[in-house]
Asker: 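Got a structure for you, questions after.
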Amino acid sequence: MSGGLPSPAARVGFSFEVGDQLAGGCGRTGTITTPHGTIQTPAFVVVGTKATVKTVLPETVAELGAQAVLANAYHLYLQPGADIVEAGGGLGRFMNWPGPTYTDSGGFQVMSLGVGFKKVLAMDVAGLASDDVVAAGKSRLARVDEDGVTFTSHLDGSSHRFTPEISLQVQHRLGADVIFAFDELTTLMNTRGYQERSVERTHAWAIRCLAEHRRLTAERPERPYQAMFGVVQGAQYEDLRRRAARGLAELEVDGQAFDGFGIGGALEKQKLGTITGWVSAELPVDKPRHMLGISEPDDLFTCVENGADTFDCVSPSRVARNAAVYTRDGRFNVNTAASRRSFEPIDAECDCYTCAHYTRAYLHHLFKAREMLAATLCTIHNERFVISLVDRIRTSISDGSYADLKAETLGRYYARHR
RNA sequence: GUGGGUGUAGCUCAGUUGGUAGAGCUCCUGGUUGUGGUCCAGGUGGCCGCGGGUUCGAGUCCCGUCACUCACC
């Protein structure tokens, strides 16, 4: 382990304590404490982009075992506006979620609105490298410059400007317990030269984010402290990833350092573990590491054993709305003919509300009939599946059964495909 | 009974001056990793109501016939 900083002064309202270590790896358990409660790590943070976990009630989200919810600053800035969320008592109160909350900075939208697609994982990139990537048939809705990003709203076409300072101002108004630095997310199709310049830009923005965060925090001392995470970029390049991580770890602006770190960007699935390992090695052991946009079972194990503490991902809810459901024996689409007369739960071993009360045939019917309950029930199941898996991973680190859990879980989950 | 209309994919319908058929939906199968997604991609499926005729060639033109439908007796 290198690049670690001395322990920062304890901050009121936010802390991270490392628990058990995974034998033979840099995985660990831990406890994140926020003004709205604690998070036992490793943990899966449920995504509620627009201040709602699509199709499910907050009470249900809590019953799923979700420990925290992550919303998006860019989306809430556009609608309803950060001032309204602030006037509504802040993100958690506004959406009736009493537990810990996160907001993403809008950095992801720099890429997704810019290039018109979101394929940043497991993409065949041979021969496609480019400085100016845009999906065929899509118009660019975001343009990056050194100072910030100009967006064209996907809602009404209006033009908006995001800079590190503006993102932080928005996130402070939203009031989540954990906020992220405004970064630039590239795709695997960008050239090495572009990735290099992008990492430098993200670092320069990180400095501005810390300065603005410090200013805003000092301005409102009466408010609960919002923890600030820096985001490590660098695509698939070891030197860029390590340099980015080390740079953020060492960064301190007028005594203000990052409280934790996000690991994001273009992550080739095959290199996910390796990249996470590079980054973890450069980051301080006593601050939490959040994997942005990861939830596939094999990816969760890979990231945890390489030092990741928390995850968020839209996948469980997004695929649920399109009829894909996870089971211990792999994923399948419940809207296909195989489920029409299957009067069994999605996963007989699952402890979720959906599996306790509903059959595949019923869910199949709901999807065919385009009933809204289909999305709700499958979202409940999928979110519970991922939360439960990460919970079991956490327990297994503590009781020494991690290797067994991993072998059994992945062996079953991918049996059909291997 | 008379006159008109319609018969093309499971459904609703397109099919240009005749050159062995298309769309949407359905159906089937994939996909979805910091939500531009209540979606995207691909695929199966038709002796064009039936029988004759004209023509090198007919879903297209002609004759007959059957079914459904509308109007009037």
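Just so we're on the same page: letters track the sequence lines, and every chain starts at 1. Because only heavy atoms are used, hydrogens play no part in the values below, and waters and symmetry mates are left out as well, while side chains stay in.
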Asker: Is it the case that B:U38 (base atoms only) and A:Thr55 (side chain only) share a donor and an acceptor within less than 3.5 Å, ignoring hydrogens and angles?
Answerer: no
Asker: How far does the C1' atom of B:G7 sit from the matching atom of B:U60, given to the nearest Å?
Answerer: 14 Å
Asker: How long is the line joining CZ of A:Phe332 and C1' of B:C28, in whole Å?
Answerer: 16 Å
Asker: Any donor-acceptor pair, under 3.5 Å, between the side chain of A:Lys50 and the base of B:U35, if you only look at N and O atoms?
Answerer: no
Asker: Do A:Tyr326 and A:Phe332 have ring centroids that are under 6.0 Å from one another?
Answerer: no
Asker: Write down the distance separating the C1' atoms in B:G19 and B:A58, rounded off to the nearest Å.
Answerer: 10 Å
Asker: Using atom CG of A:Asn335 as one end and atom P of B:U26 as the other, report the distance to the nearest whole Å.
Answerer: 11 Å
Asker: Side chain of A:Asn322 only, please: which of B:U35, B:G34, B:U32 is the nearest?
Answerer: B:U32
Asker: Are the ring centres of A:His364 and A:Tyr358 closer than 6.0 Å?
Answerer: no
Asker: Answer with yes or no whether the side chains of A:Gln195 and A:Thr186 bring together a donor and an acceptor at under 3.5 Å.
Answerer: yes
Asker: B:U69 and B:U8: how far apart are their P atoms, nearest whole angstrom?
Answerer: 15 Å
Asker: Between A:Tyr77 and A:His160, does the ring centroid distance fall short of 6.0 Å?
Answerer: yes
Asker: Can you tell me if A:Thr49 touches the phosphate of B:U35, counting only side-chain N or O atoms and a distance under 4.0 Å to OP1 or OP2?
Answerer: yes
Asker: Can you tell me how far P of B:C39 sits from CZ of A:Arg321, to the nearest Å?
Answerer: 11 Å
Asker: B:C48 pairs with which nucleotide, Watson-Crick or G-U wobble, both distances below 3.5 Å?
Answerer: none
Asker: To the side chain of A:Phe108, which of B:U29, B:U33, B:G36 is closest?
Answerer: B:G36
Asker: From the options B:G34, B:U33, B:G31, select the nucleotide whose nearest atom is closest to the side chain of A:Asn333.
Answerer: B:G31
Asker: Does A:Asp299 get its side chain close enough to the base of B:U33, under 3.5 Å, for a donor-acceptor pair?
Answerer: yes
Asker: Per the salt bridge (Lys or Arg N to Asp or Glu O under 4.0 Å) rule, which among A:Arg197, A:Arg201, A:Arg161 passes with A:Asp145?
Answerer: A:Arg161
Asker: Please check the phosphate of B:U35 (OP1 and OP2 only) for any side-chain N or O of A:Gln109 closer than 4.0 Å.
Answerer: yes
Asker: Which whole number of Å gives the distance between the P atom of B:C40 and that of B:C25?
Answerer: 9 Å
Asker: Using heavy atoms and a sub-4.0 Å distance, could you list which residues of residues 161-172 of chain A are near RNA chain B? By number, please.
Answerer: none
Asker: Please work out which residues in residues 364-382 of chain A have a non-hydrogen atom less than 4.0 Å from an atom of RNA chain B and list them by number.
Answerer: A:Lys368, A:Arg370
Asker: By the 4.0 Å heavy-atom rule, please label A:Asp312 as base, sugar-phosphate, or nothing.
Answerer: sugar-phosphate
Asker: Please state whether the phosphate of B:U35, meaning OP1 or OP2, lies under 4.0 angstrom from any side-chain nitrogen or oxygen of A:His154.
Answerer: no
Asker: Regarding A:His290, tell me which of base, sugar-phosphate or nothing describes its non-hydrogen contacts under 4.0 Å with the strands shown.
Answerer: nothing
Asker: B:U33, B:U35, B:G34: which one has an atom nearest the side-chain heavy atoms of A:Gln233?
Answerer: B:G34
Asker: Is the distance between the ring centroids of A:Phe151 and A:Phe162 under 6.0 Å?
Answerer: yes
Asker: Are a donor atom and an acceptor atom from the side chains of A:His154 and A:Thr152 found within less than 3.5 Å of each other?
Answerer: no
Asker: Polar pairs (N or O, both sides) under 3.5 Å between protein and nucleotides 42-45 of chain B?
Answerer:
none

Asker: Look at the side-chain N and O atoms of A:Thr336 and state whether any lies under 4.0 Å from the OP1 or OP2 oxygen of B:C28.
Answerer: no
Asker: Taking atom types as they are modelled, is there a donor-acceptor pair under 3.5 Å from the base of B:U35 to the side chain of A:Arg318?
Answerer: yes
Asker: Counting distance alone, no hydrogens or angles: does the base of B:G34 have a donor or acceptor under 3.5 Å from a partner atom on the side chain of A:Asp183?
Answerer: yes
Asker: Which whole number of Å gives the distance between the C1' atom of B:G46 and that of B:G30?
Answerer: 26 Å
